[in-house]
Amino acid sequence: MRISDISKHEGDKVSIFCWLIGKRSSGQIHFLQVRDGSGYCQLTVVKGEVDDVLFEKCGHLAIETAFRAQGLAVRQEKAKFGYEILLKNIEIISEPDKEYPIPRKPSGPDFLLSMRHLWLRSPKQSAVMRIRSKIIESIREFFKKEGFYCVDTPIFTPSACEGTTTLFKVDYFDENVFLSQSGQLYNEANALALEKVYCFGPVFRAEKSKTRRHLTEFWQVEPEWIFADIDSIMETSQNLIMHVLSAVLEENRNDLDILERDIKPLEAVKTPFPRMSYNKSVELLKEKGFEIEWGSDYGSPEETEISKNSDSPICIHRFPAHIKAFYMKSDPVDPKLSLGVDVIAPEGYGEIVGGGVREEGIEILEQRIKEHNLPKEDFQWYLDLRRYGSVPHGGFGLGLERTVAWICGLQHVRESAAFPRMMDRIKP
RNA sequence: UGCUCGGUAGCUCAAUUGGCAGAGCGGGUGGCUGUUAACCACUAGGUCGUGGGUUCGAGUCCCACCCGAGCAGCCA
């Protein structure tokens with residue numbers, strides 16, 4: 001039996017596998033708090049009800065002892081987790097030979113991150129991982145339902161996808177290659193083969209960003225489909241986010257409780273998400289007293305301010321072309337603007353989606369590749385997509401860790417990955 | 001990369017004007033028959049980030065460096 005199923009076994013003799021997370025004793029009675037991968041419960045050991053040697057042993061178990069326990073499952077209001085097992089016998093699998101280093105009381109981030117391999121066992125951290133797992137599952141479910149194929153893109157790439165950001169250089173049989181920062185360009189090739197595709201994998205950024213929203217390695221899901229216009233891109237990203245959020249609210253209530261996540265702001269999220277042009281957002285920021293000029297990109301204080309205007313994520317569309325990537329299509333109504341969209345999460349969690357319509361004109365792309373100083377020979381295959389059977393298309397990317405951080409209410413994205421990679425932290 | 005703050009026991013932190021290295025939690029031992037981050041008693045536990053300097057004397061003051069955190073910049 002797993003602990004999460006204990007309510008179905010009330011009154012039964014049960015056997016569980018578990019780890020010890022805490023213990024208390026009143027001399028003739030011991031209370032053992034235990035966990036398994038599914039949840040938590042208490043084992044009660046009463047002197048006289050078990051062998052004296054076993055009773056003594058239970059009083060001296062070390063934190064993180066792994067063992068099997070047999071006993072009677074009962075409902076118990078006085079037990080912290082609502083149920084307890086009246087212990088009859090245990091079978092120890094392994095006992096720690098040193099004191100478990102992670103205290104139950106709060107510790108600092110430096111210590112906990114250096115102990116990440118053990119920190120993951122604590123209630124909040126495992127709750128985040130269960131929610132992350134649910135989010136990944138519901139993302140794949142959403143795209144399956146929408147008729148997308150999962151076609152993953154390479155991580156070793158010969159040159160910059162965008163040319164804008166710093167990439168990690170890797171020695172590849174004496175040749176320099178880079179870790180991908182986006183599946184974008186390959187995704188376009190896949191979309192022109194299969195119509196609706198998505199890739200979902202890790203991407204890498206070598207920027208020296210030291211903030212609560214940045215990791216150097218993170219996961220991104222990137223759908224790309226033909227005949228995508230800017231409205232359908234906003235629509236699809238909205239529907240994806242809503243699908244994911246509903247799944248977590250429905251199936252991970254207990255984990256959100258463990259995290260003490262206030263779920264009211266999550267329940268307040270409603271479709272349709274508000275849509276605001278970049279031009280409008282600049283006016284709004286100016287009204288609020290921000291010193292922002294038309295044509296500049298946002299910093300995080302600006303994103304946070306914009307997110308205050310709605311309970312739901314906000315879609316900002318039609319950015320100045322010069323701050324967006326070379327492949328972004330210009331707005332035919334105003335060529336200074338590009339048909340790009342960012343989705344900004346509520347509660348100051350920042351940009352979780354970025355996407356847009358892709359430029360089709362081969363001359364425009366050649367011109368932009370030149371302007372961005374990109375090696376044009378590396379992009380011939382990409383231009384082939386416009387030479388043969390070109391079709392309007394577009395898509396977006398959603399950052400997994402930021403989405404997890406938002407839904408879980410985390411202070412920092414580092415807790416949304418099992419082993420986060422940051423500028424100054426690569427171990428364990 | 002810049003600004004700000006910090007580094008003392010396994011963890012979280014205190015140490016007044018420069019004057020004996022401390023507490024709580026955790027660990028160990030003992031006590032307690034319903035504990036809830038239990039409680040009570042006893043106990044073990046220290047390269048005060050590293051190196052230099054000032055001083056009779058430095059955890060404390062000065063210099064350099066290392067490490068971390070927060071914020072900003074950078075950033076589909």
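Fair warning: this is a prediction, and the values are worked out from it, not measured in the lab. So you know, we letter chains A, B, ... as the sequences are listed, proteins then strands, and number each from 1.
- Within the 4.0 angstrom heavy-atom criterion, base atoms lie near A:Ala79.
- Within 4.0 Å of A:Arg425, counting heavy atoms only, lie sugar-phosphate atoms of the nucleic acid but no base atom.
- Distance CD (A:Glu64) to C1' (B:C11): 16 Å, rounded to an integer number of Å.
- Taking the side chain of A:Thr211 as heavy atoms from C-beta on, and the options B:G34, B:C74, B:C75, the nearest nucleotide is B:C74.
- The residue A:Glu84 sits close to a base: some heavy atom pair falls under 4.0 Å.
- OP1 and OP2 of B:G27 both lie 4.0 Å or more from every side-chain N or O belonging to A:Lys98.
- As judged by a 4.0 angstrom heavy-atom cut-off over every strand, A:His214 is placed among the base-contacting residues.
- Between the side chains of A:Gln367 and A:Glu363, no donor-acceptor pair is found at a separation under 3.5 Å.
- Taking atom CD of residue A:Gln33 and atom P of nucleotide B:U36, one finds them 10 Å apart after rounding to whole Å.
- Residue A:Ser209 is classed as a base contact, given a heavy-atom separation below 4.0 Å to a base.
- Atom C1' of nucleotide B:U29 and atom NZ of A:Lys23 are separated by 12 Å, given to the nearest angstrom.
- Using a 4.0 Å cut-off, some side-chain N or O of A:His60 falls inside it from OP1 or OP2 of B:U29.
- Other residues, nucleotides and ligands contribute over 12 non-hydrogen atoms within 6.0 Å of the CD atom of A:Glu360.
- Counting to the nearest Å, the P atom of B:C32 and the NZ atom of A:Lys47 are 9 Å from each other.
- Counting to the nearest Å, the P atom of B:C32 and the NE2 atom of A:His30 are 11 Å from each other.
- No side-chain donor from either of A:Ser277 and A:Asn279 sits under 3.5 Å from a side-chain acceptor of the other.
- Among the heavy atoms of the strands lying under 4.0 Å from A:Asp424 are primed sugar atoms or P, OP1, OP2 only; no base atom is included.
- Across all strands, A:Phe31 comes closer than 4.0 Å to base atoms (heavy-atom distances).
- In the set B:C11, B:A37, B:U35, the nucleotide with an atom closest to the side chain of A:Ser26 is B:U35.
- For A:Leu113, whose side chain is taken as the heavy atoms from C-beta onward, the closest listed nucleotide among B:U29, B:A69, B:G26 is B:A69.
- Residue A:Phe143 forms a ring pair (Phe, Tyr, Trp, His ring centres under 6.0 Å) with just one option from A:Trp225, A:Tyr149, A:Tyr198, and that option is A:Tyr198.
- With both ends at atom P, the span from B:G6 to B:A14 equals 10 Å, rounded to whole Å.
- Considering A:Arg35, A:Lys98, A:Arg104 in turn, A:Arg35 is the only one that fulfils the salt bridge (Lys or Arg N to Asp or Glu O under 4.0 Å) rule with A:Glu64.
- Residues A:Tyr382 and A:Leu185 share a closest heavy-atom pair of CE1-CD2, 3.4 Å.
- Comparing B:A44 with B:G22, their C1' atoms sit 16 Å apart, to the nearest whole Å.
- B:G10 and B:G27 have their C1' atoms separated by 8 Å, with the value rounded to a whole Å.
- Closest to the A:Lys105 side chain, of the nucleotides B:G34, B:A72, B:C25, is B:C25.
- The distance between atom CD of A:Gln28 and atom C1' of B:G31, rounded to the nearest whole Å, is 11 Å.
- A:Arg104 has its CZ atom 16 Å from the C1' atom of B:G24, to the nearest Å.
- Whole-Å rounding puts the A:Phe55 CZ to B:U33 C1' distance at 8 Å.
- The side chain of A:Gln76 approaches B:G34 more closely than any other nucleotide in the set B:C25, B:C32, B:G34.
- Which of B:C11, B:G34, B:G26 sits closest to the side chain of A:Leu86 comes down to B:G34.
- Across all strands shown, A:Arg414 has heavy atoms under 4.0 Å from sugar-phosphate atoms exclusively, and none from any base.
- Using a 4.0 Å heavy-atom criterion, one finds that A:Gln220 contacts the bases of the nucleic acid, with or without backbone contacts as well.
- Across every strand in view, B:G46 sits unpaired, with no contact that passes the Watson-Crick or G-U test at under 3.5 angstrom.
- When the P atom is compared between B:U33 and B:A23, the two are found 30 Å apart, to the nearest whole Å.
- Nucleotide B:C39 forms a Watson-Crick or G-U wobble pair with B:G31, both donor-acceptor distances falling under 3.5 Å.
- Distance check on atom P: B:A69 versus B:C11 gives 16 Å, rounded to whole Å.
- Under the 3.5 Å distance criterion, with hydrogens and angles disregarded, a donor-acceptor pair is assigned to the side chains of A:Ser232 and A:Asp229.
- Among the protein residues, A:Ser300 comes within range of the sugar-phosphate backbone only, with heavy atoms under 4.0 Å from sugar or phosphate atoms but none that close to a base.
- Within the nucleic acid shown, A:Gly340 has no heavy atom closer than 4.0 Å to any nucleic acid atom.
- Side-chain proximity of A:Pro106 to the nucleotides B:U1, B:A37, B:G70 is greatest for B:A37.
- Taking only side-chain atoms of A:Pro103, from C-beta outward, the nucleotide of B:C11, B:G73, B:U35 with the closest atom is B:C11.
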